[in-house]
Amino acid sequence: MGWEGWFAIAITSLCFTTLALTRYSADIVMLGGLTLLLLAGVLSPEQALSGLANEGMVTVGVLYVVVAGLRETGGISWIVHSVLGRPRSLLGAQLRLMTPVAAMSAFLNNTPVVAIFIPAISDWARRNRLSVSKLMIPLSYASIVGGTCTLIGTSTNLVVNGLLIKETGSDGLAMFELAWIGVPIMLMVFTFICVSSKWLLPERLPAISRYHDAREYTVEMQVEEGSVLGGKSIEEAGLRQLPAVSSYEVLRDGDRLIFAGVVESVVDLQKTQGLKPASKQIYKLGSSRQDRVLVEAVVSDSCPVVGKTVCEGRFRSLYNAVIIAAARNGKRIHQKIGDIVLRPGDTLLLESHHSFAEQQRNSRDFFLVSEIDGSSPPQYQKAMLAMSILVLMVIAVSTGWLSMLKASLLAAGMMVMTGCTSGHGARRSVDWQILIVIAASFGLGSALHSTGAADTIAVSLIDFAGGSQWISLALMFFVTALLSSVATNNAAAVIMFPIALTTANDLSVSIMPFVITLMIAASTSLATPIGYQTNLMVYGVGGYRFSDYLRIGIPLTLLVGVVTILIVPQVWHF
């Protein structure tokens, strides 16, 4: 191994150390490392950019569009509210939560699944007097282990499968082949959480609950005629608690309901099937509700409606936007919207077209204008269509009729053509940061492989293992798990793949046990909040500390490693 190999190892180590010890984003760090390798001549431009054409990476990007169709039609929200129910204990709550999350994460990217469950679980925990910190880590872990059960469950599986196809010329893994190891791991994680969470998960307040001055709004909604909510109690409908209204109160068509809460609560209401804004002004806007979003705007002292009531100032006519709630000094204003006399500094929650934020962002009428992401009401009438498209995609892949890339491209195209998601929504749904990390990781992995660094590391692992296949497999798991805990799962998987390939070749055994172990180790990043995006998403909501993940995640990772090393060689033989 020449200087190029040592340079590749040094740059790769520098990237992982930077990710572990600093707050620089993963895409910036990985691109920085790739740039240094390119400038030093270790990589050619073709090698550095090879990740952009990888089948697995492209498939990950396309699947974001498929999930956007499910999210924008309310398909996922409908599943959330229909499965949670009313638990009788913490154990029952955790099982009710983890089972559907794991099942959904087996077929959907787990990041949007967790994003949709977080507000629902927060409210569900409050209604049932459960500690949210006992539920948020189980939510994240369930999504992670659920993703190990199928080929499309995590982006890591798709990326490694793409590498497997490219490097070995094989057909890759079948849709449900990973279930042989994924299902046992999922059951083991569920059991461990249910048994140990009483001692290992803390009783903590989420960050938002420590502040008593969180900005609140009061919103009036109406039950639609012929709504699915008609005849249900407030509890059965899964609605948030209402002032002075019993949870057993039965809803009727046309009922007007007053809700109070932070902006996330209002967004949830906007997406609740069977509810519509009570304000008649909403229906005078010149676009469908699916083309509109919620916007927060702070009134300036030069706004022409200051000192006038909303009606007198003709706010809707002036801005083509309707005020659905208002807050003053962080507190909700207890008046009918039309009678509120606007003052400088008032925060307005508006329903408007997408263009409002762009038009008014630099206007002197408002100090601040901010569009609320994901606030467009779902198209519930297309929910079954979106779910049917997903099912057809899964069937096409599992029967071998289409490859994962072709099936996902077809499904994404159908989501757009049928209107389950718009072109605008499809473009916004793609997480470019994750795709950049994956693409840059391919470049780093290519550097380790082409310079001989991967061979040197693999030989060192084999020598340390004394030539044992089992010990080499164990080392592969724990080194990958360690890298995944301090950096990103995709980067760890891509960089370790050439080492796994070389190790298998040097031992003269099948690469499959090493590839499967690599997938599981990279996908089950449980020990730190920074190792997996869903862990980070629940970090603040659950009020956790870094040590909370170490306490429950380290023993779980060790158990996952033991189960993986025992089962994988029995299914995918050396």
Side-chain angles (χ1 to χ4, degrees), residues 68 71-74 119 215-222 224 259 261-273 275-306 308-328 332-333 335-380 419 421-429:
R71 184 177 62 248
E72 293 179 20
T73 57
R215 186 169 59 254
E216 287 193 340
Y217 296 105
T218 300
V219 179
E220 189 173 355
M221 305 292 286
Q222 188 171 15
E224 294 180 326
F259 297 83
V262 294
V263 67
E264 289 80 7
S265 303
V266 179
V267 172
D268 289 345
L269 288 175
Q270 294 284 103
K271 293 183 174 183
T272 300
Q273 186 177 12
L275 287 182
K276 64 180 181 180
S279 172
K280 295 181 180 179
Q281 296 292 318
I282 290 288
Y283 306 102
K284 297 179 181 178
L285 293 175
S287 59
S288 67
R289 289 199 70 205
Q290 279 67 42
D291 294 328
R292 302 199 295 263
V293 293
L294 294 182
V295 176
E296 281 191 295
V298 181
V299 177
S300 76
D301 51 6
S302 59
C303 182
V305 294
V306 166
K308 302 177 182 178
T309 66
V310 172
C311 285
E312 290 171 348
R314 301 178 62 82
F315 191 94
R316 180 187 57 80
S317 300
L318 187 61
Y319 296 107
N320 193 31
V322 171
I323 302 174
I324 61 174
R328 180 172 295 153
R332 53 186 184 267
I333 301 175
Q335 276 182 281
K336 288 183 62 176
I337 295 295
D339 296 335
I340 295 174
V341 177
L342 294 178
R343 301 177 187 171
D346 285 352
T347 303
L348 308 180
L349 187 62
L350 311 173
E351 185 165 325
S352 67
H353 192 269
H354 282 281
S355 60
F356 177 87
E358 290 296 327
Q359 294 170 353
Q360 301 297 329
R361 185 158 285 138
N362 297 314
S363 168
R364 296 181 60 194
D365 295 355
F366 302 99
F367 288 130
L368 179 69
V369 176
S370 175
E371 180 178 320
I372 299 169
D373 290 335
S375 58
S376 297
Q379 305 177 75
Y380 285 105
T421 184
S422 62
H424 175 75
R427 286 189 290 271
R428 292 187 62 180
S429 68

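Source: prediction; values computed, not measured.
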Residues Ile324, Leu349; criterion side-chain contact (heavy atoms from CB on, under 4.5 Å); working and verdict: CA-CA 6 Å; Ile324 61 174; Leu349 187 62; 4.1 Å; yes
Gap between atom [atom2] of [Y] and atom [atom1] of [X] - 0.5 Å precision:
| X | Y | atom1 | atom2 | value |
| --- | --- | --- | --- | --- |
| Leu275 | Gln222 | CG | CD | 9.5 Å |
| Ile340 | Leu348 | CD1 | CG | 8.0 Å |
| Asp346 | Cys303 | CG | SG | 10.0 Å |
| Arg316 | Ser352 | CZ | OG | 13.5 Å |
| Asp365 | Gln360 | CG | CD | 6.0 Å |
| Asn320 | Glu351 | CG | CD | 11.0 Å |

Apply side-chain contact (heavy atoms from CB on, under 4.5 Å) to Lys308 and Val341, showing your working. CA-CA 5 Å; Lys308 302 177 182 178; Val341 177; over 6 Å; no
Test your reading of the model: is there a side-chain donor-acceptor pair from Thr347 to the backbone of Val298, 3.5 Å cut-off?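 No, Thr347 side chain to Val298 backbone: no donor-acceptor pair under 3.5 Å.
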Just wondering, are more than 12 heavy atoms of other shown residues or ligands nearer than 6.0 Å to CZ in Arg364?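 No, CZ of Arg364 has 12 or fewer neighbouring heavy atoms, counting only those of other groups under 6.0 Å.
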Taking atom CZ of Arg343 as the centre, report whether more than 12 heavy atoms of other residues, nucleotides or ligands fall under 6.0 Å from it.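 For Arg343, atom CZ is not crowded (no more than 12 foreign heavy atoms under 6.0 Å).
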From the options Val293, Leu294, Leu350, select the one residue that forms a side chain to side chain contact (heavy atoms under 4.5 Å, CB included) with Glu371.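 The single option meeting the side chain to side chain contact (heavy atoms under 4.5 Å, CB included) with Glu371 is Val293.
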Can you name the closest pair of heavy atoms from Val306 and Ser300 and give their distance?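 Scanning both residues, the minimum pair turns out to be CG2-O, 3.3 Å.
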Closest heavy-atom pair and its distance - Phe366, Val299: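 In this case the closest contact between Phe366 and Val299 is CD2-CA, 4.2 Å.
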side-chain contact (heavy atoms from CB on, under 4.5 Å) between Leu318 and Val305, intermediate numbers included: CA-CA 9 Å; Leu318 187 61; Val305 294; 4.1 Å; yes
Between Thr421 and Glu72, does any side-chain donor sit less than 3.5 Å from a side-chain acceptor?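 Their side chains do contain a donor-acceptor pair, which is all the 3.5 Å distance test asks for.
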Beyond-backbone contact of Ile323 with Val310, side-chain heavy atoms, under 4.5 angstrom: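 Ile323 reaches Val310 side chain to side chain.
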Could you work out, with ring-ring contact (aromatic ring centres under 6.0 Å, His included) as the rule, every residue matching Phe356, not counting sequence neighbours?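 Listed in chain order: nothing, the list is empty.
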